[in-house]
There are 2 protein chains.
Amino acid sequence: MALTRQAVLDEAIRTLDAYGFADLSMRKLAAALEVQPSALYWHFANKQSLLAAVATGWLGAMPAPSSGATWDEQVRVWAHGLRRAVTAHRDGAELVASVLAMRAEGVDPTRGLVAILHQAGLRAPDARAAAATVLHFVMGHAVDEQGHAQMQAFGVAPAGAAPDDPDHRFEYGLALLVDGIRARLA
Amino acid sequence: MALTRQAVLDEAIRTLDAYGFADLSMRKLAAALEVQPSALYWHFANKQSLLAAVATGWLGAMPAPSSGATWDEQVRVWAHGLRRAVTAHRDGAELVASVLAMRAEGVDPTRGLVAILHQAGLRAPDARAAAATVLHFVMGHAVDEQGHAQMQAFGVAPAGAAPDDPDHRFEYGLALLVDGIRARLA
DNA sequence: ACCTGAACACCGTTCAAGT
DNA sequence: ACCTGAACACCGTTCAAGT
């Protein structure tokens, strides 16, 4: 069976789930596919574009904004959708964050949110700034949450007190952002 | 002259400024110090603890909260202080973000901010959640800003329209967060 | 068109041995 | 105490050559 672009992507996600982002290498991936490392470079220009393709797949599965709801409900749905999309796989948030950091062509989950905020009444530049703020919050939270889960899984629990519930922290931060946006609409 | 812990740290920052975070390796650093790579492991347990020490140095230089001001002004000063601290050197935000992600012992810039927010009237768990929200915003923005500056420096300008001013985006996001916190105090 | 084989230029880290 | 030398177990990527 010929090696397919999609087969590489699927195996990359399996390798990610099995070994984590730090240990997701082209060589490990090639070994899992029973192929030489160099074979991967026929299907992808380099590792970054492979990771970008993985991230694009996840982000493309985000739910479209439901135009029937109020702007604040739409913002909440968008934020939860992004969080779900990037935390569905081990170290997914870290992978997506790394892809966003290198600004891969056309990988911008923010577009839908900008439209929502503009529709709500924010000027275009303000809508972009507010959307970036929400994006940074969701990604930062997701990376933090997954990294923390990873520590516990390896039994490296930090010495301090019991940490706060991630779900509660997420809801609190999101509510705070929504209130901040509301203040700028009035 | 004997190799000193501080000398290693200083040279690490110089190497960072010269080559960027991705190309900051223990071997390059050793070469710059005219020493074998293994010599560094006498002074630091591993690369992560060296990076943690660099980040700790930067974060330790953040201005202490000025207790004479209103809470919102203190939050603004804290956010600007963190942004300055992590963007002072090339890829500084990325380095600090990576250190925060691995939860190095005692590297938590959030302590001062939590105190400010608790003093302002937020319950302790809410103060921690709000502080984390501000932290994620500042770090996300700083990583984004420095990554973008890097692209331009290498002449890889993206095709789209002219990007918004980072300073404006930062001020807007910060004002939004402050308003959101205010809404939860009332 | 699609993949192998072999190489190039790197990594972080360990550890015996030297001084 | 502090560093060298040499090794171990890896990386991403390129490229001629095979089929």
Side-chain angles (χ1 to χ4, degrees), chain A residues 1-16 18-55 90-91 94-95 97-99 101-105 147 150 154 156, chain B residues 1-16 18-55 90-91 94-95 97-99 101-105 147 150 154 156:
Chain A
M1 236 297 272
L3 195 58
T4 255
R5 206 182 135 88
Q6 190 57 49
V8 175
L9 255 19
D10 291 345
E11 192 63 50
I13 294 173
R14 267 195 293 276
T15 306
L16 181 72
Y19 298 98
F21 184 61
D23 291 338
L24 169 56
S25 68
M26 296 297 268
R27 301 181 99 109
K28 260 206 185 70
L29 179 51
L33 290 162
E34 293 179 289
V35 109
Q36 296 294 319
S38 49
L40 300 175
Y41 291 85
W42 176 260
H43 300 277
F44 294 92
N46 47 45
K47 186 180 184 180
Q48 295 196 6
S49 70
L50 193 160
L51 296 178
V54 171
R90 159 126 84 135
D91 293 343
E94 204 180 336
L95 187 153
S98 84
V99 169
M102 13 181 124
R103 288 168 185 66
E105 204 71 33
Q150 203 73 351
F154 274 84
V156 197
Chain B
M1 237 294 274
L3 195 59
T4 258
R5 208 182 134 89
Q6 189 58 48
V8 174
L9 254 19
D10 292 345
E11 191 65 48
I13 294 173
R14 268 195 293 276
T15 305
L16 181 72
Y19 298 97
F21 184 60
D23 291 339
L24 170 56
S25 67
M26 296 298 267
R27 301 181 99 108
K28 261 207 184 68
L29 180 50
L33 290 163
E34 293 178 290
V35 108
Q36 296 295 318
S38 49
L40 301 175
Y41 291 85
W42 177 259
H43 299 277
F44 295 91
N46 46 44
K47 187 180 183 180
Q48 294 196 6
S49 69
L50 193 160
L51 296 178
V54 170
R90 157 127 86 133
D91 293 342
E94 205 180 335
L95 186 152
S98 83
V99 168
M102 18 182 120
R103 289 171 183 64
E105 203 72 33
Q150 203 72 353
F154 274 82
V156 195

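Throughout, protein chains are lettered first and strands after them, A, B, ... in sequence-line order, and every chain is numbered starting at 1.
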Which atom names give the shortest non-hydrogen contact between [X] and [Y], and what distance separates them?
X: A:D91; Y: A:G20; result: OD2-CA, 3.3 Å
X: A:M102; Y: A:S98; result: CG-O, 2.8 Å
X: A:V8; Y: A:F44; result: CG1-CE1, 3.6 Å

Nucleotide by nucleotide, nucleotides 13-19 of chain C touches protein heavy atoms under 4.0 Å in the pattern (B base, S sugar-phosphate only, - none) BBB----
[N] [atom2] sits how many Å from [X] [atom1], rounded?
X: A:L29; N: D:dG12; atom1: CG; atom2: C1'; value: 13 Å
X: A:M102; N: D:dG12; atom1: CE; atom2: P; value: 12 Å
X: A:D23; N: D:dA9; atom1: CG; atom2: C1'; value: 13 Å

Can you list the residues that meet the salt bridge (Lys or Arg N to Asp or Glu O under 4.0 Å) rule with B:R14, with sequence neighbours excluded?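 Once residues adjacent in sequence are excluded, the partners of B:R14 under the salt bridge (Lys or Arg N to Asp or Glu O under 4.0 Å) criterion are B:E11.
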Under-4.0 Å side-chain N/O to phosphate OP1/OP2 contact, [X] with [N]:
X: B:K28; N: C:dC10; answer: no
X: B:Q36; N: D:dG5; answer: yes
X: A:H43; N: C:dC3; answer: yes

Could you give me the stems involving DNA chain D, meaning stretches of three or more consecutive Watson-Crick or G-U wobble pairs whose two defining distances are both below 3.5 Å?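 Result, WC/G-U stems under 3.5 Å: C:4-8 with D:12-16, C:12-16 with D:4-8.
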Pairwise P distance for D:dA9 and C:dA9, with rounding to whole Å: 23 Å
Check the surroundings of atom OH in B:Y19: do more than 12 heavy atoms from other residues, nucleotides or ligands lie under 6.0 Å from it? no
Short question: side chain of B:T4, backbone of B:A7 - any donor-acceptor pair under 3.5 Å? no
Report yes or no: does A:D10 contribute a side-chain atom to a donor-acceptor pair with the main-chain N or O of A:I13 at less than 3.5 Å?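 Such a contact is absent between A:D10 side chain and A:I13 backbone.
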Check: A:R27 and A:P37 side chains under 4.5 Å, non-hydrogen atoms: yes
Name the one of B:L50, B:L16, B:V35 that satisfies side-chain contact (heavy atoms from CB on, under 4.5 Å) with B:L29? B:L50
Pairwise 5' ranking along DNA chain D for B:E34 and A:S25, keeping only the more 5' one: B:E34
